[in-house]
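One structure below.
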Amino acid sequence: MGKKSKSAISPTREENYNEWYQQVVRAADMAENSPVRGCMVIKPWGYAIWENIQAGLDRMFKATGHRNAYFPLLIPKSFLEKEADHVEGFAKECAVVTHHRLVEGPEGGLIVDPKAELEEPLIIRPTSETIIGASFAQWISSYRDLPLLINQWANVMRWELRTRLFLRTAEFLWQEGHTAHATEAEAVEETRRMLDIYETFIEEHMAVPVIKGRKTESERFPGAVDTFTVEAMMQDRKALQAGTSHFLGQNFAKASGIKFQNAEEQEQYAWTTSWGVSTRLVGALIMTHSDDDGLVCPPRIAPEHIVLLPIYREDEQRVAVMAVAEKLAEALRAQSYDGAPMRVILDDRDLRGGEKNWGWIKKGVPLRVEIGPRDVESGSVMVARRDKGARDKESISAEAFPERAAALLADIQQTLFARAKAYRKEHTKVVDSYEELVTYFTPENTKRPGIHGGFAMAHCCDTPDNEAKLKELKLTVRCIPIDGDRTPGTCILSGKPSEQRVVIAKAY
RNA sequence: CGGGGUGUAGCGCAGCCUGGUUAGCGCGCCUGCUUCGGGAGCAGGAAGUCGGUGGUUCGAAUCCACUCACCCCGACCA
């Protein structure tokens, strides 16, 4: 009888979380797999979200004195070899350019011209520390050149073995900040400042709560002295590293020769940092807020804030309804939300109402506004919020609505953040023994493991031995939190004294 | 890269074991009529070199070999 299941997305989160994720991406038309192994095509709706992430972060970077620049996609192999840990970390997942010409093959088609082999292979950047370091070495000669605060919006490539749209793709888009400072203290401060910016942006713009913390030794960025992270909890209660900020000490400065003369006429190596977030944030957004009806977009990051859905049957109604809808669209666009004109779309496509409505639900537009003949007559509109049920609508006076819209959007933004925070709180547990840890991360039904576990807050010291024990349970220390409880205790794995509790979880 | 699985119309699948005339079904798409504050009904229509290459055979989506891609579970990772 054409009856649809209760939810727009099948399977539901509870039924099969991984498949649900893929279906949400598809239903919202955000991205799809490409003919190229491990690489995705980001479609307009997904890209618009990324653009909003870019715009918000870029403003914050500029406000803290950073400037954008662009460096080559290709890095000479010898550059990558300069920093020992760095080589080890990335060598396994590099795409390499070895030739510069194709010629016609003996059996047709094209083959790589063996005569066109490069003297030195070029690596498609997995990250740009070394190539940017080479520039920094040239740009910096005096303490007066410091600090040097540079950011690059770019694509990078890491030859991942298992990929998932937005969460892990062979090629991904990101920003990478690279800075050089005269003193260690300044560089450490910069590392923390950018971590704070990530926290602010991800929580306030994306409504995704994060835990700021320091990474353990094994999770540290290759070549870094210290790595900081913001960790978020997804709805399957796994942790997702949403952004990282690295204090690189003088490691890369020494590798690239970034030296300067200080006021005392001494030659010194600079102290550098690097920090980045990627299109993975789009994945974090999806997995934090979306429900079984599809994507739920926090207003500040949504490609469209409000969709107007005219309802009519005959031409006569169409004229009346469209006149009101167009006027309303204009009035809404004159309003501002989050410091910019409201993003409003009037959907006048020749589709049936239900289909249109569900289409926008799946795309996660914060507010849907229906305007039909009855509304025109009564001077009202039906308003539905994406953070509420699909059929939950409120009649609002058409005249008053534009004035109220910004407040409604702000309320949705706030509700989504509060909801995500409550979810994380509900699934964060203080754990005081190994047995408790095992129990917490063991599903009730091991044959069909449902969503279980969460963040375990436990005392656990940073040793390879402990790391191995956690790995048996498929767990990792996500971070050593910076804020919050610093009470010392006893390590649940080794029994030794521990400075503070850490976040233990399964991770993406 | 190890173990398992899948590639047939835009999407989801059947057919394959037991080779045999023009390769089906559901959704979607297009057209028409009827519907319409909700993911419609009826009728008609368009769309596929059955992942690729080679082999066996009178004949291959179907059997064999190789290969590529994707998915799930590991290992690796933003």
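Here is the naming used below: chain letters follow the sequence lines, and residue numbers restart at 1 for every chain. As the structure is a prediction and not an experimental result, all values here were calculated from the model.
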Practice task
Quick one: label A:G283 by what it contacts on the DNA or RNA (base, sugar-phosphate, nothing), any heavy atom closer than 4.0 Å.
Solution key: nothing
Exercise for the section: For B:G54 and B:G59, measure between their P atoms and round to the nearest Å. Expected result: 16 Å
Exercise for the section: Give the C-alpha distance, both sets of side-chain angles, the deciding distance and a yes or no for salt bridge (charged side-chain N to carboxylate O under 4.0 Å, His left out) between A:D291 and A:R386. Expected result: CA-CA 10 Å; A:D291 60 21; A:R386 185 60 183 87; 2.8 Å; yes
Exercise for the section: In sequence, state the C-alpha distance, the side-chain angles, and the governing distance for A:K43 and A:E32, and then conclude on salt bridge (charged side-chain N to carboxylate O under 4.0 Å, His left out). Expected result: CA-CA 7 Å; A:K43 300 184 78 174; A:E32 61 194 17; 3.6 Å; yes
Taking only N/O atoms, report every protein-nucleotides 30-35 of chain B pair under 3.5 Å with atom names and distance.
from  : atom 1 : to     : atom 2 : distance (Å)
B:U35 : O2     : A:R352 : NH2    : 3.2

Practice task
Would you classify A:L240 as touching base, sugar-phosphate or nothing, given that sugar-phosphate means primed atoms plus P, OP1 and OP2, and contacts are heavy atoms under 4.0 Å?
Solution key: nothing
Exercise for the section: Would you give the length of the straight line joining atom CD of A:Q175 to atom CG of A:L281, rounded to the nearest 0.5 angstrom? Expected result: 9.0 Å
Problem - Those residues of residues 375-386 of chain A lying under 4.0 Å from RNA chain B by at least one heavy atom - result: A:D375, A:M382
Practice task
Nearest 0.5 Å please: distance from the CZ atom of A:R214 over to the OG1 atom of A:T229.
Solution key: 12.5 Å
Problem - B:G10 to B:G48 separation - C1' atoms, rounded to the nearest Å - result: 12 Å
Practice task
Determine, for A:F79 and A:K82, whether the Lys NZ or Arg CZ falls below 6.0 Å from the six-membered ring centre while staying within 45 degrees of the axis.
Solution key: yes
Fill in the blank from the handout: All heavy atoms of A:W174 vs all of A:V277, minimum pair found to be CB-O, 3.1 Å
Problem - Interatomic distance, A:D236 CG vs B:C72 P [rounded to whole Å] - result: 13 Å
Between the protein and nucleotides 2-5 of chain B, which nitrogen or oxygen pairs come in under 3.5 angstrom?
none

Handout entry: Rounded distance [0.5 Å steps], NE2 in A:H427 versus CG in A:D236
Key = 11.0 Å
Practice task
Figure out the CD/P separation between A:E467 and B:C76, and round it to whole Å.
Solution key: 11 Å
Exercise for the section: Check whether the side chains of A:R478 and A:T476 place a donor and an acceptor atom closer than 3.5 Å, and report yes or no. Expected result: yes
Fill in the blank from the handout: From NZ of A:K356 across to P of B:G39 the rounded distance in Å is 14 Å
Problem - P-based separation of B:A46 from B:C25 [nearest Å] - result: 13 Å
Exercise for the section: From the options A:V376, A:I371, A:D348, select the one residue that forms a side chain to side chain contact (heavy atoms under 4.5 Å, CB included) with A:M322. Expected result: A:D348
Problem - Approximate separation, where rounding is to 0.5 Å, of A:M233 CE and A:K421 NZ - result: 13.5 Å
Practice task
Have a look at A:S278 and say if it touches a base, only the backbone sugar-phosphate, or nothing, with a 4.0 Å heavy-atom cut-off.
Solution key: base
Problem - Phosphate contact (B:C72 OP1 or OP2) by A:N16 side-chain N/O below 4.0 Å - result: no
Problem - Most 5' of A:R478 and A:K362 on RNA chain B, judged by nearest nucleotide - result: A:K362
Problem - Same-atom distance (C1') from B:A9 to B:U49, integer angstrom - result: 13 Å
Handout entry: Whole-Å P distance, B:C64 and B:C1
Key = 25 Å
Exercise for the section: Take atom CH2 of A:W358 and atom P of B:G28, then tell me their distance rounded to the nearest Å. Expected result: 16 Å
Completion exercise
Ordered by number, residues from residues 21-32 of chain A within less than 4.0 Å of RNA chain B (heavy atoms) are A:Q22, A:R26
Exercise for the section: Would you mind classifying the nucleic acid contact of A:E160 as base, sugar-phosphate or nothing, using non-hydrogen atoms under 4.0 angstrom? Expected result: base
Handout entry: A:N33, nearest nucleotide to its side chain (from B:G37, B:A78, B:C71)
Key = B:C71
Problem - NZ-NE2 distance between A:K506 and A:H452, expressed to the nearest 0.5 angstrom - result: 3.5 Å
Handout entry: Any A:K471 side-chain N or O less than 4.0 Å from OP1/OP2 of B:C76
Key = yes
Problem - Gap in Å between the two P atoms, one belonging to B:U62 and one to B:U6, rounded - result: 15 Å
Practice task
Could you state the atom-to-atom distance from CZ of A:F228 to P of B:A78 in whole Å?
Solution key: 17 Å
Handout entry: Watson-Crick or G-U pairs under 3.5 Å in RNA chain B, rendered as dot-bracket with [ ] for crossing pairs and | for another strand
Key = ((((((((.[[[[.)....(...]]]].((((((.....)))))).....[[[[[..)....]]]]])))))))....
Handout entry: Listed nucleotide nearest any side-chain atom of A:K474, set B:A78, B:C73, B:G39
Key = B:C73
Exercise for the section: Quick one: sort the A:W20 and A:Y17 rings into parallel, tilted or perpendicular, breaks at 30° and 60°. Expected result: tilted
What does the list of N/O pairs under 3.5 Å between the protein and nucleotides 45-48 of chain B look like, with a distance for each?
none

Handout entry: Whole-angstrom distance between B:U8 and B:A23, as gauged at atom C1'
Key = 9 Å
Exercise for the section: Verify the stacking flag for A:W174 against B:A78: centroid separation must be under 5.5 angstrom and the ring planes must differ by under 30 degrees. Expected result: no
Practice task
Determine the contact category for A:T229: base if any of its heavy atoms lies under 4.0 Å from a base atom, sugar-phosphate if only primed atoms, P, OP1 or OP2 are that close, otherwise nothing.
Solution key: nothing
Fill in the blank from the handout: Closest to the 5' end of RNA chain B, once A:I311 and A:F90 are matched to their nearest nucleotides, is A:I311
Handout entry: Test ring pair (Phe, Tyr, Trp, His ring centres under 6.0 Å) applied to A:H246 and A:W275, A:F221, A:F252, the passing residue
Key = A:F221
Handout entry: Separation between NZ of A:K215 and CG of A:D462, rounded to the nearest 0.5 Å
Key = 11.5 Å
Exercise for the section: Count the heavy atoms of every other residue, nucleotide or ligand shown that sit under 6.0 Å from CG of A:D315, and state whether that count exceeds 12. Expected result: no
Exercise for the section: Figure out the CD/P separation between A:E355 and B:G28, and round it to whole Å. Expected result: 8 Å
Handout entry: Between B:A61 and B:C17 - C1' atom distance, rounded Å
Key = 14 Å
Exercise for the section: Taking the six-membered ring of A:F228 (Phe, Tyr or Trp), confirm whether the NZ or CZ of A:R192 is under 6.0 Å from its centre and within 45° of its axis. Expected result: yes
Problem - salt bridge (charged side-chain N to carboxylate O under 4.0 Å, His left out) between A:K469 and A:E472, worked out - result: CA-CA 5 Å; A:K469 278 183 198 160; A:E472 281 171 25; over 6 Å; no
Practice task
Would you tell me if any nitrogen or oxygen in the side chain of A:R162 comes within less than 4.0 Å of OP1 or OP2 on B:C73?
Solution key: yes
Handout entry: Gap between atoms NZ and C1', on A:K238 and B:C73 respectively (whole Å)
Key = 12 Å
Fill in the blank from the handout: Side-chain atoms of A:P373 come closest, of B:A78, B:C76, B:G37, to B:G37
Exercise for the section: Would you confirm whether A:T169, through its side chain, and A:L165, through its main-chain N or O, come within 3.5 Å as a donor-acceptor pair? Expected result: no
Exercise for the section: Show your reasoning for whether salt bridge (charged side-chain N to carboxylate O under 4.0 Å, His left out) applies to A:E81 and A:K77. Expected result: CA-CA 7 Å; A:E81 289 163 352; A:K77 184 167 76 72; 2.9 Å; yes
